[in-house]
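Just the heavy atoms: all of them, side chains too, but no hydrogens, waters or symmetry mates, feed the values below. Just follow the structure's listing: the first ligand is 1, and inside any ligand the first atom is 1.
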Amino acid sequence: MAEIDYSKRSFNYYPTNAIVFSKCIDGRWTKPEVTGDFNFSLHCFAGIFHYAPSCFEGMKAYRGADGRVRLFRPDENAKRMQSSANYLDMPAPTMEMFIDMCVMCVQENWDYIPSYESGASLYLRPVLFGINPQLGIKSAKDVMFAVMSSAVGTYSGGKSLMPVTAVISRNYDRAATYGSGGYKLGANYAQSLHAYNLAHRMGYKELLFLDSATHSHIEEFGSSNFFAIKHGCYITPNSPSVLPSITNKSLRKVAEEFGLKVERRTIFIDELETFEEVNSCGTAVVITPISRIDDKVTLESGTITREYRYGEEAGPISTKLYNRIVGIQKGLEEDTYGWCMFVNDPK
Ligand code: PLP
Ligand code: COI
């Protein structure tokens with residue numbers, strides 16, 4: 001295979017070798033299959049095309065400084081997919097099947113796992129969606145579970161820890177108060193697409209969503225969770241309509257390790273001006289510092305009503321948290337929590 005320069009990559013789809021899939025028909029899962037054909041043939045009445053019975057996960061296979069390949073907390077992704085599928089009332093893979101198929105996907109695409117030096121990683125995208133033909137509004141009875149991958153660089157397309165700008169979304173919500181925001185459903189992202197396009201056109205990388213009931217407090221970014229640092233505290237929203245991020249959960253542990261107080265609570269918009277460091281966190285974004293958050297009456301408006309600035313460099317505490325979490329993922333730091341799972345070279 002020709003040498004690929006992974007260090008120039010951003011978060012995009014780049015072809016790999018193979019995907020792994022299994023179908024659950026009438027309650028029975030088929031044996032996982034590996035294929036180099038990336039096109040699925042689906043019935044046009046399959047639920048996925050109509051009522052969006054679909055959920056997904058995101059995880060990364062990291063090549064460590066020691067050359068070994070690790071997955072980070074895949075059991076957490078398996079549990080979250082089960083919780084999403086449960087919300088959609090459709091079958092889900094067992095934890096064992098989920099992890100086995102992720103490992104198979106990594107091994108089938110071994111030559112696409114970027115080197116440690118490149119800073120890139122092999123992003124895994126497990127997806128689960130309804131495939132049985134249906135017309136009435138019903139949950140999917142039969143589903144396809146597939147694990148695919150793409151070797152990606154940073155989410156921002158720049159250097160790690162490069163700050164990005166964000167805008168508050170006041171006139172578009174991501175998730176309803178009693179809705180599906182706490183699950184990783186494709187439908188949640190569909191809700192954010194139009195608002196993202198508006199924000200991107202205005203030059204913002206990120207969108208910060210508010211609670212849909214009162215539009216008074218911070219929920220999360222469209223791609224990731226929100227956390228801030230103030231007076232030695234790690235502060236992150238606590239809301240059922242925020243996706244329970246595995247990165248955020250892990251960072252809260254690391255923050256405690258560093259002697260920070262951890263607060264999961266309501267964050268009113270006005271509190272933004274008191275934060276020393278603000279970041280987005282998640283598998284794709286890792287920790288991405290936010291340099292500025294603009295507030296506007298609507299996303300369409302050209303007028304900024306208020307701006308919150310956090311500097312053009314990553315903050316010192318955020319940098320420390322980043323180094324520790326990435327250090328664990330890449331085998332530079334001791335994995336005291338047993339978060340990493342090694343994947344063996346198939347050859
Ligand atoms: N919030 C949203 C909306 C996301 O899309 C993601 C990405 O998965 C996250 C948060 C972060 O979750 P995790 O850290 O488990 O990747
Ligand atoms: C991830 O971080 O894995 C995600 O799924 C976020 C992505 C939608 C940008």
Side-chain angles (χ1 to χ4, degrees), residues 9-14 54-62 71-84 87 98 102 105 120-128 147-157 160 164 166 169 172-176 179-193 195-197 199-200 205-212 218-227 234 236-255 264 279-288 290 321-322 325-326 328-329 339:
R9 288 197 171 181
S10 58
F11 188 80
N12 265 315
Y13 159 68
Y14 300 99
S54 142
C55 58
F56 68 97
E57 277 304 317
M59 50 210 293
K60 282 174 175 167
Y62 306 88
L71 290 177
F72 186 69
R73 310 188 78 175
D75 52 323
E76 292 288 333
N77 292 92
K79 278 194 263 175
R80 193 169 61 189
M81 176 162 271
Q82 287 173 346
S83 131
S84 301
Y87 181 83
F98 180 97
C102 288
C105 182
S121 50
L122 187 72
Y123 183 81
L124 300 187
R125 177 47 66 82
V127 291
L128 180 73
V147 186
M148 49 198 89
S149 64
S150 176
V152 299
T154 59
Y155 192 68
S156 65
S160 302
V164 300
S169 178
Y172 295 94
D173 293 330
R174 174 181 184 274
S180 59
Y183 306 93
K184 204 164 169 62
L185 312 191
N188 294 339
Y189 297 83
Q191 298 227 95
S192 70
L193 296 177
Y196 255 124
N197 290 338
H200 288 162
K205 183 75 192 171
E206 261 312 339
L207 256 184
L208 183 53
F209 287 101
L210 304 175
D211 72 294
S212 66
I218 309 295
E219 290 254 284
E220 64 175 323
F221 295 102
S223 66
S224 44
N225 274 185
F226 173 103
F227 81 87
Y234 178 106
T236 193
N238 189 18
S239 158
S241 45
V242 164
L243 188 77
S245 154
I246 298 158
T247 314
N248 193 352
K249 184 177 179 182
S250 311
L251 285 170
R252 293 198 294 273
K253 275 261 166 237
V254 169
R264 280 180 91 190
N279 297 277
S280 66
C281 69
T283 302
V285 304
V286 195
I287 289 178
T288 298
I290 306 296
L321 292 169
Y322 175 94
I325 198 103
V326 173
I328 294 174
Q329 290 164 340
W339 283 338

Verdict with reasoning, Thr283 to Ile246, per side-chain contact (heavy atoms from CB on, under 4.5 Å)
CA-CA 8 Å; Thr283 302; Ile246 298 158; 5.7 Å; no
Tell me which part of Glu57 gets within contact of ligand 2: side chain, backbone, both or neither, using heavy atoms under 4.0 Å.
neither
Please state which part of Lys60 comes within less than 4.0 Å of ligand 2, counting heavy atoms only: side chain, backbone, both or neither.
neither
Met59 touching ligand 2 at heavy-atom level, < 4.0 angstrom:
no
Checking a contact table here: which protein heavy atom is nearest [atom], and how many Å away?
{"atom": "atom 16 (O) of ligand 1", "answer": "Thr283 OG1, 2.5 Å"}
{"atom": "atom 6 (C) of ligand 2", "answer": "Ser223 O, 3.6 Å"}
{"atom": "atom 1 (C) of ligand 2", "answer": "Tyr123 OH, 3.2 Å"}
{"atom": "atom 7 (C) of ligand 2", "answer": "Arg125 NH2, 4.0 Å"}

Which atoms of ligand 1 are found less than 4.0 Å from any heavy atom of [X]?
{"X": "Gly222", "answer": "3 (C)"}
{"X": "Lys184", "answer": "4 (C), 5 (O), 6 (C), 7 (C), 8 (O)"}
{"X": "Leu243", "answer": "1 (N), 2 (C), 4 (C), 6 (C), 9 (C), 10 (C)"}
{"X": "Asn225", "answer": "1 (N), 10 (C)"}
{"X": "Tyr189", "answer": "2 (C), 3 (C), 4 (C), 5 (O)"}

Quick one: is the NZ or CZ of Lys205 closer than 6.0 Å to the six-membered ring centre of Tyr155, and within 45° of its axis?
yes
Are Tyr196 and Tyr189 near enough that their ring centres are under 6.0 Å apart?
no
Under 6.0 Å between ring centres: does that hold for Tyr234 and Phe227?
yes
Short version for Ser223: what comes under 4.0 Å of ligand 1, heavy atoms counted, is backbone
Does ligand 1 have a heavy atom under 4.0 Å from the side chain of Ser245, from its backbone, from both, or from neither?
both
So OH of Tyr14 and OG of Ser150: to nearest 0.5 Å the spacing works out to 7.0 Å
If you measure from OH on Tyr322 to CG on Asn279, what distance do you get to the nearest 0.5 Å?
11.5 Å
As an exercise, identify every atom of ligand 2 less than 4.0 angstrom from a heavy atom of [X].
{"X": "Lys184", "answer": "4 (C), 5 (O)"}
{"X": "Tyr155", "answer": "9 (C)"}
{"X": "Tyr189", "answer": "8 (C)"}
{"X": "Phe56", "answer": "5 (O)"}

With a 4.0 Å cut-off on N to O distance, would you call Arg125 and Glu57 a salt bridge?
no
Do the side chains of Arg174 and Glu219 get close enough for a salt bridge, i.e. N-O under 4.0 angstrom?
no
After noting the C-alpha distance and the side-chain angles of Ile218 and Leu210, does the key distance pass the side-chain contact (heavy atoms from CB on, under 4.5 Å) rule?
CA-CA 5 Å; Ile218 309 295; Leu210 304 175; 4.2 Å; yes
Take Val286 and Val326 through the test side-chain contact (heavy atoms from CB on, under 4.5 Å) and record every step on the way to the result.
CA-CA 8 Å; Val286 195; Val326 173; 3.7 Å; yes
Should one rank Val242, Ile246, Asn188 by closest heavy-atom distance to atom 13 (P) of ligand 1, which comes out on top?
Ile246
Going by the closest heavy atom to atom 15 (O) of ligand 1, which one wins out of Arg80, Arg174, Glu220?
Arg80
Decide whether an N or O pair under 3.5 Å exists between Ala284 and ligand 2.
yes
Run Ser245 and Leu243 through side-chain contact (heavy atoms from CB on, under 4.5 Å) and show every step you take.
CA-CA 6 Å; Ser245 154; Leu243 188 77; 5.7 Å; no
Side-chain donor/acceptor of Thr236 to backbone N/O of Phe226, under 3.5 Å
yes
Taking Arg80 for the side chain and Pro244 for the main chain, is one N or O donor matched with an acceptor at less than 3.5 Å?
yes
